[in-house]
Amino acid sequence: MSLRSPQEVRRLCQMIFKISTADETEISINRHRLGLTRFANNMIHQHVEVGDLSIAIRAVIGQRSVSVSTNQSHPEILRRIIHSAVDLAKRQEPIKDLLPLVGRTRYPSSKAYVRRTAEVTPQYRAKTVHQIIKMGSSRGLTMAGSFSTGEAESYLAGSSGLFAAFDSTFSEFSVAALSGNRMGCREGFHRDVAKLDPFRLGEEAITEVTRGGEPRDLPPGRYPVLLTAKAAADLATYLSPHFGALAVEEGRSCFSGKHAQPVFASLITMTDDVFHPGHAGCPFDYEGTPKSKVTLVRKGVLTNLVHDRATAKKSGKRCTGHGLPVPNQHGPMAMNLVVAEGGSSFQQMVRTMKRGVWVSGLHYVNVVEPKTVTLTGMTKGTAFWIENGEVVYPVKTLRFNQSALEVLKEVDAVGSVQENFSGCVTPPLRTRTFSFTSGTGF
Amino acid sequence: MGQVFNREDSRAFWASDGPNDPFGMTHLALFAVDEARRRGATYADARVMDETREHIGLRNEKIVSCQQSNSLGIGIRVLVKGAWGFAATHDLNKSSIVKTARLAVAVARASALARSDHVQLAPTISQKSVWRHPVVRDPFTVPLEDKVGVLREINQSIQKVKGVTFATSSMNFKRVHQWMASSEGHDIDQLFVRSGAGFSAMAVRNGEVQIRSYPNSFGGQFEQRGYELISRLGMMDHTQQMGEEAVALLTAPECPQGQRDLVIGSSQLALQVHESCGHPIELDRVLGEEAGFMGTSFLTTDQLGKLRYGSPLVSIIADQTSEGGLGTFGFDDEGTPAQRWDIVKKGLFSGYLTSRETARKIGEPASRGCMRAESWNHVPMIRMVNISLQPNRGTLDQLLSDTAEGLLIEGTRSWSIDQQRLNFHFAAEIGWEIKRGKKVRLVKHPRYHGMTPKFWNACDAICGPEEWKLWGVPNCGKGEPLQIAEVSHGASPARFRQVSVGG
């Protein structure tokens with residue numbers, strides 16, 4: 001069955017609702033197409049054009065719920081899937097507190113689809129990559145990275161009358177410029193490929209790797225650190241699960257028991273805002289609730305949490321549209337963080353830094369201790385030593401063990417320009433203290 | 001492990017088990033390859049994959065996941081003008097396959113714009129075979145209520161332990177039927193059935209979270225087996241112990257820091273092998289092909305046969321034939337047959353994970369058969385298989401009695417390693433101080449860190465085969481777009497002298 005338009009999707013959903021004998025039937029349809037051009041050693045070594053379709057049918061019988069999905073839209077296969085979901089649901093055990101499906105709802109419009117991004121060809125990506133490679137190889141560098149573009153459609157429909165639709169495009173460019181053991185790296189992401197600037201990113205990566213001579217060792221210790229927007233985003237995304245109402249209620253969150261208390265420096269205001277131009281912009285969550293912008297932390301004070309329908313019902317608060325697929329064990333999650341801009345340009349943040357480390361990105365980060373959100377990982381790209389407001393020399397790759405909470409509590413400058421990264425839009429942040437525990441020799 | 005049938009014999013096999021290719025998937029794969037050749041590919045391969053999955057999860061008494069999914073499609077990989085292209089579709093009608101083959105060729109032609117050399121492949125021998133790993137009980141024939149019943153019983157048992165906040169348990173099942181064909185005459189039909197299950201006891205107090213998992217963290221143990229795995233795991237025998245340990249950890253003292261003799265349990269050591277050996281021996285990574293994403297490797301080609309990777313006790317093998325291994329198969333995605341070879345031999349770095357393209361680059365006569373794609377819409381790339389530390393001798397109790405003072409750690413909580421796979425950091429679920437050969441005190445937040453070759457050269461004891469276990473790691477990530485591979489690592493507990501603990 002063709003699914004070329006929302007009208008065809010509606011017809012498919014009506015067909016499924018007619019066949020299903022469940023009390024309620026929920027259908028989630030997702031389709032995506034991705035083109036990705038990967039390069040290393042100054043050449044394209046992998047190049048793919050792929051896509052997929054997913055049709056997931058959740059059958060609800062009383063308090064029983066089972067989801068069965070397929071990537072085939074043939075009516076006979078869908079018929080089998082529906083019967084399978086209904087049959088399994090009948091044999092399932094009841095799920096406590098299972099809520100009925102969301103009904104007919106209006107959603108804010110979201111302009112996340114840009115035709116020229118969807119129409120990018122493999123040839124266009126290859127030509128761009130070829131030029132980036134030449135930029136670096138002409139200077140004796142080895143270039144690596146990837147350029148991806150694509151489009152995605154999501155539909156959520158329910159026998160309750162629910163019907164939500166969203167489409168979007170994405171383009172992402174990452175580049176690493178290598179010289180010996182040293183690396184400079186940059187990433188960019190935008191729904192509109194015309195607003196993604198691979199050449200600027202390439203130049204910045206090249207500047208990073210060629211700046212300042214041979215990297216030096218830095219002894220382990222605590223230092224003030226200037227995090228670029230990328231490094232700040234790498235860190236901040238680990239806070240996403242902690243803003244969920246269920247995690248807070250169950251005591252699993254670092255914010256449990258801290259409502260209305262200062263949790264970050266007063267310079268930090270953080271929201272969850274899927275409608276920010278830097279985010280993907282889907283206007284509904286996995287339950288079909290319209291998403292809303294939530295101020296999580298205002299001037300350092302924990303202000304609001306995100307809710308799904310279950311936590312909202314239990315707490316008497318408004319559902320904020322942050323639900324995951326039902327059922328799940330995590331509860332609501334804040335997945336579109338936005339750190340508000342501050343007043344300092346990046347150059348000012350460097351100039352007013354007496355001593356410290358400029359960190360471009362983070363590598364292989366993992367949570368060591370969830371209560372304090374203590375993370376371990378490596379610096380990525382080239383870090384630089386700053387002294388008396390000047391970038392003095394590059395430093396070798398460092399391992400850090402550092403609480404993300406402490407980093408944000410000790411922020412003393414916030415950059416004036418936000419950048420978009422998956423899950424977090426943020427400006428650069430400077431913090432008074434950051435713990436590096438060891439080095440690695442390169 | 002597993003049975004390979006010649007194509008000519010396979011009719012008898014099918015006759016006994018019913019038709020295995022009722023929709024002519026082999027024909028579709030061959031058709032795709034022919035179409036790609038017609039469009040100008042000098043080499044082409046195609047994989048049709050039919051994948052079914054099931055996940056069931058309970059948290060305390062509540063069902064938090066109950067899903068079944070199926071995915072069917074074809075991926076076509078081509079070489080045109082010495083450059084790679086790949087395209088895939090879920091639509092298996094012939095006109096869609098024609099379009100996809102054409103697209104793969106167009107992608108390869110675009111790649112050729114930015115390629116200074118031509119891809120060359122090490123020789124291969126064409127294979128026409130059917131491969132199956134024995135399965136006693138197909139997990140997809142087991143009633144859902146039986147599975148939920150098992151998990152419910154586990155959770156109820158854990159929750160009887162005072163102080164436990166959450167009991168979570170899950171089962172995962174996957175069946176993949178793959179038909180692969182190539183322009184060099186490959187025609188391979190393989191069927192994989194993988195099962196996994198496990199539980200965790202979580203104790204939460206004042207924001208502190210302690211977890212104990214069995215048989216392993218992050219979803220449990222995974223093997224290439226059917227539902228028979230579930231009873232073999234003996235989960236009910238360990239619910240009380242795990243619950244009690246999780247609660248005890250809340251009030252246990254912090255793990256002491258400093259240089260310590262460290263005894264690492266089997267499952268945590270398996271992850272150590274994964275991060276500090278499995279990844280750095282991926283030859284595409286060594287040759288710089290992952291530099292833009294997850295890094296390179298300190299095991300450069302000039303080190304092969306020369307670097308003292310570990311002490312003479314340390315021997316690590318790659319084995320695509322290990323019984324029940326997630327990295328066990330008949331043939332990789334390029335049609336190279338399964339094999340077994342040395343990676344580290346008595347401490348000396350001895351081998352890589354290779355493909356036809358990378359084997360040729362270092363002058364090896366043939367691929368080691370490590371090309372594996374997550375699914376039909378992912379391009380094959382070099383992945384781990386079963387990478388295992390060979391056992392030595394003795395039981396864990398004997399090893400502990402031989403350790404005057406140190407630390408024993410088990411279970412994984414977190415892991416991190418640098419871009420060349422040198423500087424690593426691991427945190428475990430639980431630790432015990434060892435004094436005068438005995439476990440004396442429970443400690444929490446045990447962590448250790450080090451540099452890979454120094455660490456492995458500090459290994460002075462490895463337990464014997466009686467303590468060796470092949471652990472399934474179902475979530476190894478690599479590549480762009482990210483691919484998840486299922487791999488296994490075997491290890492016995494082992495001792496490492498003077499390791500940095502804490503941090």
Side-chain angles (χ1 to χ4, degrees), chain A residues 34 36 38-50 52-53 65-72 88 91-93 95-96 122-123 126-127 129-130 133 144-146 174 176 178 250-252 256 327-329 363-364 366-371 376-378 397 399 401 437-438 440-442, chain B residues 57 59 61-73 83-90 103 106-108 110-111 113-117 143-145 148 168 204 207-209 287-293 295 377 379 414-420 422-423 425 427 445 447 449 480-481 503:
Chain A
L34 165 72
L36 192 148
R38 231 180 153 203
F39 56 107
N41 298 319
N42 291 336
M43 61 180 99
I44 292 176
H45 68 298
Q46 279 173 11
H47 198 170
V48 307
E49 282 276 342
V50 297
D52 201 3
L53 166 72
S65 167
V66 168
S67 175
V68 180
S69 70
T70 178
N71 69 340
Q72 303 294 306
L88 287 170
R91 296 191 277 127
Q92 173 62 293
E93 292 191 15
I95 299 172
K96 199 175 147 192
Q123 293 77 12
K127 278 195 187 130
V129 163
H130 184 47
I133 288 172
S146 66
S174 72
L178 297 113
E250 290 181 346
R252 293 183 281 119
S256 295
N328 70 84
Q329 62 175 314
H363 172 83
Y364 216 147
N366 215 331
V367 179
V368 177
E369 209 292 305
K371 181 179 169 188
T376 189
M378 312 298 298
T397 304
R399 172 168 293 284
N401 276 18
T437 53
S438 58
T440 191
F442 60 82
Chain B
R59 188 183 196 235
E61 70 283 353
K62 191 175 170 186
I63 294 166
V64 290
S65 176
C66 188
Q67 301 171 340
Q68 265 194 11
S69 66
N70 178 261
S71 175
L72 175 64
W84 288 115
F86 179 84
T89 179
H90 65 278
L103 178 57
V107 169
S111 302
L113 281 175
R115 242 210 113 101
S116 53
D117 65 355
L144 175 65
E145 51 267 41
V148 172
T168 58
V204 182
E208 180 176 345
V209 178
L287 297 175
E289 292 186 10
E290 293 292 318
F293 188 51
N377 62 351
V379 69
S414 81
W415 58 97
S416 172
I417 195 163
D418 75 23
Q419 294 88 326
Q420 290 189 16
L422 282 165
N423 179 316
H425 182 287
H445 302 141
R447 298 160 197 170
H449 55 97
E480 297 173 288

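Note that the coordinates shown come from a computational prediction; the quantities given were computed from them, not determined experimentally. Here is how names work: the chains are called A, B, and so on, in the same order as the sequence lines, proteins then strands, and each is numbered from 1.
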Q. What residues form a side-chain hydrogen bond (donor to acceptor under 3.5 Å, both in side chains) with A/Gln329, not counting sequence neighbours?
A. none

Q: Grab the two heavy atoms, one from A/Gly251 and one from A/Ser256, that are nearest each other, plus how far apart they are.
A: CA-OG, 3.3 Å

Q: Heavy atoms only, distances under 4.5 angstrom: which of B/Leu422, B/Ile417, B/Asp117 has the most pairs with chain A? Name it, please.
A: B/Ile417

Q: Please look at A/Ile133 and chain B and tell me whether the side chain, the backbone, both or neither of the residue comes under 4.5 angstrom of a heavy atom of that chain.
A: side chain

Q.
With rounding to the nearest 0.5 angstrom, report the OG1 to NE2 distance, A/Thr397 to A/His363.
A. 9.0 Å

Q | Region of A/Arg38 that comes under 4.5 Å of a non-hydrogen atom in chain B | A | side chain

**Q.** Residue, of B/Val209, B/Leu72, B/Leu144, that accumulates the most heavy atom pairs under 4.5 Å with chain A
**A.** B/Leu72

Q) If you tally heavy-atom pairs under 4.5 Å against chain A, which of B/Ala110, B/Gly292, B/Gly57, B/Ala427 wins? A) B/Ala110

Q. Measuring heavy-atom distances to chain A, does B/Arg59 have an atom under 4.5 Å in its side chain, in its backbone, in both, or in neither?
A. side chain

Q.
Counting only non-hydrogen atoms closer than 4.5 Å, does B/Val107 touch chain A with its backbone (N, CA, C, O), its side chain (CB onward), both, or neither?
A. both

Q.
Counting heavy-atom pairs closer than 4.5 Å to chain B, which one of A/Gly441, A/Pro327, A/Ala126 comes out on top?
A. A/Pro327

Q | Distance (rounded to the nearest 0.5 Å) between B/Ser111 OG and A/Met43 CE | A | 12.0 Å

Q: Could you look at A/Thr70 and say if it's the side chain, the backbone, both or neither that has a heavy atom under 4.5 Å from chain B?
A: both

Q: Tell me, for B/Thr168 versus chain A, whether the close heavy atoms (under 4.5 Å) come from the side chain, the backbone, both or neither.
A: side chain

Q | Closest contact, heavy atoms only, B/Phe86 versus A/Val50 | A | CE2-CG1, 3.7 Å

(Q) Tell me which of these, B/Glu289, B/Lys62, B/His449, has more heavy-atom pairs under 4.5 Å with chain A than the rest. (A) B/Glu289

(Q) Checking A/Thr376 against A/Asn401 for the side-chain hydrogen bond (donor to acceptor under 3.5 Å, both in side chains) test, could you report, in this order, the C-alpha distance in whole Å, the side-chain angles of both residues, the deciding distance, and whether it holds? (A) CA-CA 4 Å; A/Thr376 189; A/Asn401 276 18; 2.6 Å; yes

Q: Below 4.5 Å from any heavy atom of chain A, which atoms of B/Ser65 appear? Answer side chain, backbone, both or neither.
A: backbone

Q | Options A/Ser69, A/Ser146, A/Ala144, ranked by heavy-atom pairs under 4.5 Å with chain B, top entry | A | A/Ser69

Q: Check whether the side chains of B/Ser414 and B/Arg447 place a donor and an acceptor atom closer than 3.5 Å, and report yes or no.
A: no

Q) Where on B/Ala83 is there a heavy atom nearer than 4.5 Å to chain A: the side chain, the backbone, both, or neither? A) neither

(Q) Less than 4.5 Å to any heavy atom of chain A: does that hold for the side chain of B/His425, its backbone, both, or neither? (A) both

Q) Picking from A/Gln123, A/His47, A/Met378, A/Gln72, which has the most non-hydrogen pairs under 4.5 angstrom with chain B? A) A/His47

Q) So which of B/Gly85, B/Ala88, B/Gly73 has the largest heavy-atom pair count under 4.5 angstrom toward chain A? A) B/Ala88

Q: Please look at B/Glu61 and chain A and tell me whether the side chain, the backbone, both or neither of the residue comes under 4.5 angstrom of a heavy atom of that chain.
A: side chain

Q.
So, taking the atom named NE2 in A/His130 and the one named CZ in B/Arg115, what distance separates them when rounded to the nearest 0.5 Å?
A. 13.5 Å

Q) In terms of heavy-atom pairs under 4.5 Å, which option from A/Gln46, A/Arg252, A/Glu93 contacts chain B the most? A) A/Glu93

Q) Closest heavy-atom contact between B/Asn423 and A/Arg399? A) OD1-NE, 2.6 Å

Q: Quick one: list whatever passes side-chain hydrogen bond (donor to acceptor under 3.5 Å, both in side chains) with A/Glu369, sequence neighbours left out.
A: A/Thr372

Q: Work out which heavy atom in B/Cys66 is nearest to a heavy atom in A/Gln92; give both atom names and the distance.
A: SG-NE2, 3.0 Å

**Q.** Which atoms of B/Leu103 approach chain A - backbone, side chain, both or neither, heavy atom under 4.5 Å
**A.** side chain

**Q.** Among the listed options A/Asn41, A/Leu34, A/Thr437, the residue most often paired with chain B at heavy-atom distances under 4.5 Å
**A.** A/Asn41

**Q.** A/Phe442, part contacting chain B, at a heavy-atom distance under 4.5 Å
**A.** side chain

(Q) Just verifying a value: how many Å separate B/His90 NE2 and B/Ser71 OG, rounded to the nearest 0.5 Å? (A) 9.5 Å

Q.
Testing the basics here: between A/Leu88 and A/Val68, what is the closest heavy-atom pair and its distance to 0.1 Å?
A. CD1-CG2, 4.1 Å

Q) Checking heavy atoms, do the side chain of A/Val367, its backbone, both or neither come under 4.5 Å from chain B? A) backbone

Q: Count the heavy-atom pairs under 4.5 Å between each of A/Pro122, A/Ser438, A/Ser67 and chain B, then report the option with the highest count.
A: A/Ser67

Q: Specify which of B/Gln420, B/Glu208, B/Gln67 makes the most heavy-atom pairs with chain A at under 4.5 Å.
A: B/Gln420

